Number of protein chains: 2
Amino acid sequence: MLSQKCKYALRTVLFLAIEGDKSCPKGGKDISTTLKIPEAYTGKILQELAKKNIITSVKGPGGGFYLSEDNLKSPIINVIEIIDGLSFFESCGLGLSKCSSEHPCPIHNDFKIAREHLKKVFINKTVLELANEIKTNDFTLVR
Amino acid sequence: MLSQKCKYALRTVLFLAIEGDKSCPKGGKDISTTLKIPEAYTGKILQELAKKNIITSVKGPGGGFYLSEDNLKSPIINVIEIIDGLSFFESCGLGLSKCSSEHPCPIHNDFKIAREHLKKVFINKTVLELANEIKTNDFTLVR
DNA sequence: AGAATAAAAGACCTTTATATCTTTTATTTA
DNA sequence: TAAATAAAAGATATAAAGGTCTTTTATTCT
């Protein structure tokens with residue numbers, strides 16, 4: 001459902017939400033080691049997220065990434081949209097452009113139920129909220 | 001969720017369930033034209049489905065593909081399993097091997113609800129049943 | 001100012017998914 | 001039995017996803 005890149009991105013953002021801090025940003029190397037994501041690829045993803053204002057970057061010695069107050073407020077779906085787009089939530093489960101509620105494909109309704117359940121969750125939950133859930137329960141982010 | 005190949009495969013099988021017949025099998029060319037699937041690729045997919053006993057093939061002039069009584073009884077999930085495998089229904093939404101109900105990832109439960117809804121549908125519905133639904137309502141199979 | 005640090009940018013490489021082309025095999029029918 | 005038809009098989013091509021490497025830019029600290 002989510003691409004590998006998007007899974008990496010979500011874990012990265014949530015990790016920063018839990019661990020990072022304006023006063024002590026996390027470096028790419030640190031993130032990639034902890035989450036077991038390839039280092040160079042982690043860098044690329046961090047760059048992309050920073051450019052789209054999902055995370056905040058600090059250059060130079062002691063630099064790295066953290067989530068600003070604003071960053072923490074963004075719903076999970078924003079991360080997904082930036083990396084994968086929203087086509088999963090909007091298009092037919094059988095790949096039919098003609099599929100619609102008037103002229104549905106054979107799995108239209110069941111696919112819709114599944115995808116809208118997820119969409120609702122991703123829209124309604126902010127990075128901060130999900131990060132808090134991770135801390136409260138002991139959810140895992142590690143492979 | 002489903003690969004392009006798997007979407008093609010499902011549409012192909014359902015088309016054969018509706019249109020094909022032991023007495024007049026449908027040729028690959030006919031199928032690819034009707035469903036707007038690339039011709040050579042349709043052939044490859046048909047081969048794979050035939051080898052795994054999801055559909056039945058007839059060689060030579062007037063030959064083609066159709067669904068036997070047995071073929072019609074197979075649940076939809078069998079088609080998916082042969083083309084894509086079942087990893088979507090079995091693995092973590094964030095790609096974590098350590099994710100489990102005891103130590104879940106942050107989206108574990110919501111992802112589980114969505115994926116199990118679909119899995120249940122695909123397990124419980126046979127090709128024949130779904131084909132009948134397509135005929136009764138006027139569901140589309142065409143791009 | 002200069003050295004060190006770490007992100008930004010862009011070119012490049014590898015693997016997998018998607019798709020095509022060509023040759024072979026099986027079957028039918030004239 | 002030969003010609004025609006259509007699937008089977010296998011090699012090959014193309015595009016997208018996943019991932020790496022090198023150079024540049026910004027910042028900090030001595």
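Just so you know, these numbers use all the heavy atoms, side chains as well, and skip hydrogens, waters and symmetry mates. None of the values given here were measured: they were computed from a predicted structure.
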* To do: Calculate, to the nearest 0.5 Å, the distance between atoms CD1 and OG1 belonging to A/Ile76 and A/Thr126 respectively.
  =>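 Between atom CD1 of A/Ile76 and atom OG1 of A/Thr126 there are 7.0 Å.
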* To do: Taking B/Asp84 for its side chain and B/Ile80 for its backbone only, find out whether a donor-acceptor pair lies under 3.5 Å.
  =>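 No; judged by distance alone, with no hydrogens or angles, the pair does not exist.
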* If only atom types and distance count, is the side chain of A/Arg115 paired as donor or acceptor with the main-chain N or O of A/Ser91 below 3.5 Å? ->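 Yes, the answer is positive, given that a donor and an acceptor are paired below the 3.5 Å cut-off.
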Nearest to side-chain heavy atoms of [X], which nucleotide of [options]:
X	options	result
B/Ala40	D/dA7, C/dC21, D/dG18	C/dC21
A/Lys51	C/dA8, C/dT20, C/dA9	C/dA9
B/Pro61	D/dG18, C/dT28, D/dA8	C/dT28
B/Tyr8	D/dC21, C/dA19, C/dA7	C/dA19
B/Tyr41	D/dA8, D/dG19, C/dT18	C/dT18
A/Ser3	D/dG18, C/dA7, D/dG19	D/dG18

When the distance from [atom1] of [X] to [atom2] of [N] is rounded to whole Å, what number comes out?
X	N	atom1	atom2	answer
A/Lys5	D/dA16	NZ	C1'	12 Å
A/Lys26	C/dA7	NZ	P	12 Å
B/Ile45	C/dA19	CD1	C1'	9 Å
B/Lys59	D/dA9	NZ	P	7 Å
B/Phe65	D/dA7	CZ	P	5 Å
A/Leu2	D/dA17	CG	P	14 Å
A/Lys44	D/dA17	NZ	P	17 Å
B/Glu39	D/dT5	CD	C1'	14 Å

* Asked: Starting at the 5' end of DNA chain D, which residue's closest nucleotide do you reach first, B/Lys29 or A/Cys6?
  ->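 This one resolves to B/Lys29.
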* B/Gly64 or A/Pro38: which one's nearest nucleotide on DNA chain D is closer to the 5' end? ->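 Nearest nucleotide further toward 5': that of B/Gly64.
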* Should the pair B/Glu48-B/Lys5 be classified as a salt bridge under the 4.0 Å nitrogen-to-oxygen rule? ->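 Salt bridge present between B/Glu48 and B/Lys5.
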* **Under 4.0 angstrom between B/Ser57 side-chain N/O and D/dA6 OP1 or OP2** =>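 The answer is no; no side-chain N or O of B/Ser57 sits under 4.0 Å from OP1 or OP2.
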* Asked: Taking atom types as they are modelled, is there a donor-acceptor pair under 3.5 Å from the base of D/dA17 to the side chain of A/Gln4?
  ->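 Side chain to base: no pair below 3.5 Å.
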* To do: Determine the contact category for A/Gly62: base if any of its heavy atoms lies under 4.0 Å from a base atom, sugar-phosphate if only primed atoms, P, OP1 or OP2 are that close, otherwise nothing.
  =>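 Sugar-phosphate only.
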* Pair B/Phe88 and B/Phe111, ring centroids less than 6.0 Å apart ->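 When the ring centroids of B/Phe88 and B/Phe111 are compared, they turn out to be within the sub-6.0 Å range.
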